[in-house]
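I have a structure here, written as C-alpha cells, and I will follow up with some questions on it.
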Protein chains: 2
Amino acid sequence: MTGLLAGNRQQARQRLAERFRVWSEGEFDAARCPVRGVLDRLGDKWTTLIVIALAQRPHRFGEVRRAVPDISKRMLTQSLRDLERDGLIERRVFPTKPPSVEYRLTELGESLLEPLHALVNWAEHNQERIAAARGVFDAALPVAFGVETRALPA
Amino acid sequence: MTGLLAGNRQQARQRLAERFRVWSEGEFDAARCPVRGVLDRLGDKWTTLIVIALAQRPHRFGEVRRAVPDISKRMLTQSLRDLERDGLIERRVFPTKPPSVEYRLTELGESLLEPLHALVNWAEHNQERIAAARGVFDAALPVAFGVETRALPA
DNA sequence: TTCCAATGGTCTCACTATGAGACCACGTCT
DNA sequence: AGACGTGGTCTCATAGTGAGACCATTGGAA
C-alpha cells in the first residue's frame with residue numbers, strides 16, 4: 001500500500017509544486033492566476049455545500065434552505081447567484097402562483113462533483129486525525145504557564 | 001470517453017448525495033457533521049494556497065509571505081496556526097539569531113495534496129468555461145432596461 | 001371573511017472577520 | 001549610528017456576514 005499511495009502522493013506533490021511555480025513566475029498580478037478566482041469561489045463556506053446538496057437532484061430555493069439550515073437567506077441568494085454566474089448551476093423560474101424557482105447543476109457543475117467527492121472523502125477519512133491533532137494542540141497551550149511559546153524568546 | 005467519465009461522474013454524484021443524506025438525518029447539529037469543520041478550514045481562502053506553497057518544500061515564515069504576496073502578516077500567522085492546530089503542518093523553531101521558523105507539511109498534510117491536486121486540476125481545466133459563463137451572465141444583466149428579472153414579477 | 005403561511009427574494013442594521021500598518025527586541029551590515 | 005531582516009502581536013478602519021423585517025400574491029384555515 002505504501003508504495004502506490006506514496007507514488008500518487010509524490011506525483012500530486014510535484015504537480016502542485018510545478019503549478020505553483022508557474023503561477024509565481026512573472027510579476028504577480030494576484031488576479032493573474034485564474035485558479036485563485038476559482039478556488040476562492042469553491043473556498044466559499046456555502047458554495048460547496050450547495051453544490052453537494054444539488055448533487056442529489058434539483059432543488060427549489062426553500063429546499064436548499066432547508067437542506068443547509070444554518071445559511072441565511074441573504075447568503076443563500078448570493079451564493080446561488082455566484083454559482084449561476086460561474087455556470088455551475090442553472091436557475092429556472094416556473095410561472096406557478098406564487099412563482100417557484102428551481103436550481104440544478106449544469107454539466108459543468110456536475111463535472112465538479114468528481115474532485116469534490118475526492119475532497120469530501122479525504123475529509124471523512126481524516127476527520128478523526130484532525131480532531132485528535134486539535135485536541136493535542138489545545139491541550140498544549142501554555143495556559144497554566146506564563147510562558148509565551150510563540151513570541152520570539154529573544 | 002463519455003461512457004467512462006459519465007460513469008465516474010454518476011458515481012461521484014451518488015456518493016455525494018448519499019453522504020449528504022446521511023449528514024442531514026437526525027437533528028441537525030450544525031457541528032454534528034464533522035466534514036463541515038474540515039471543509040470550512042479548506043474553504044479558507046489562504047489555507048489552500050499555503051498548503052500548495054508548502055508542497056514544494058518547507059518554507060520559512062517570510063518565504064511563505066513572499067510566495068503568497070497578497071496575504072497580510074496577521075492572516076498568515078493565523079492561517080499557519082490553524083493549519084498547525086489541525087495537524088496539517090509542523091512548526092520548527094531554530095535557535096539562530098534572530099530565530100528562524102520553518103513550516104513543513106506533516107504526513108497528514110501531504111495526504112491532502114492528492115484530492116487538492118484533483119481540485120486544482122479541475123480548476124485549471126475549467127477556468128475558461130467559468131470565465132465565459134461569467135461574461136455571458138454579466139452581459140445579460142438588465143442594466144439598460146429598468147427590468148427587474150430577479151424579483152418576483154407578481 | 002379575515003387572517004396566516006408559503007412562494008423567492010431584497011433591504012437595513014449590528015456584529016465580526018479581515019487588511020494595513022505600527023511596534024517589538026535583537027543582531028548584522030554599511 | 002542607522003537601516004534592515006527575523007517572526008510575530010496589537011490596534012484600528014473597513015469589508016463581509018447573519019438576523020430579521022418587508023414585499024406582493026394566492027391558497028387554505030378559522
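Since this is a predicted model, take the numbers as computed values, not measurements. Here is the naming used below: chain letters follow the sequence lines, and residue numbers restart at 1 for every chain.
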Give Phe94(A) one of three labels, base, sugar-phosphate or nothing, depending on what nucleic acid heavy atoms sit under 4.0 Å from its own.
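No contact.
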Touch class at under 4.0 angstrom, heavy-atom based, for Lys73(A) against every strand present
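Base contact.
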Taking only the side-chain nitrogens and oxygens of Trp46(A), find out if one of them lies under 4.0 Å from OP1 or OP2 of dG16(D).
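No.
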Could you state the CZ-P distance from Arg92(B) to dT6(D), rounded to the nearest angstrom?
20 Å
Salt-bridge criterion met for Arg15(A) and Glu18(A) (N-O under 4.0 Å):
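Salt bridge between Arg15(A) and Glu18(A), a charged N being under 4.0 Å from a carboxylate O: no.
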Minimum-distance nucleotide (side-chain atoms of Arg74(A) versus dT7(C), dG18(D), dG7(D)):
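Closest of the options to the side chain of Arg74(A): dG18(D).
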What's Arg81(B) touching, base or sugar-phosphate or nothing? Going by heavy atoms closer than 4.0 Å.
sugar-phosphate
To the side chain of Ser72(B), which of dT17(D), dG19(C), dA6(C) is closest?
dG19(C)
Mind calculating the distance between CG (Asp40(A)) and C1' (dG16(D)) to the nearest angstrom?
14 Å
Out of dG7(D), dG19(C), dG5(D), which has the shortest distance to the side chain of Met75(B)?
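Nearest to the side chain of Met75(B) among the choices is dG19(C).
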What's the CD-P distance between Gln78(A) and dA15(D), to the nearest Å?
15 Å
Quickly work out the His59(A) NE2 to dT7(C) C1' distance and round it to whole Å.
17 Å
Side-chain donor-acceptor pair present, Gln10(A), Arg13(A), cut-off under 3.5 Å
yes
Taking for each residue the nucleotide of DNA chain D bearing the nearest heavy atom, is the 5' side occupied by Lys97(A) or by Lys45(A)?
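Of the two residues, Lys45(A) wins.
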Quick one: Arg60(A) CZ to dT7(C) C1', roughly how many Å, whole number?
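Arg60(A) atom CZ is separated from dT7(C) atom C1' by 7 Å.
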same_hphob_cluster(Leu105(B), Val93(B)) at 4.5 Å side-chain heavy-atom cutoff:
yes
d(CZ, Phe61(B); C1', dG7(D)) in whole Å:
6 Å
With a 4.0 Å cut-off on N to O distance, would you call Arg57(A) and Glu63(A) a salt bridge?
yes
Rounded distance (Å) that lies between atom P of dG19(C) and atom CG of Leu76(B):
11 Å
Where do Leu42(A) and Thr48(A) come nearest, in terms of heavy atoms and distance?
O-OG1, 2.8 Å
How many Å lie between CG on Asp44(B) and P on dA17(C), as a whole number?
12 Å
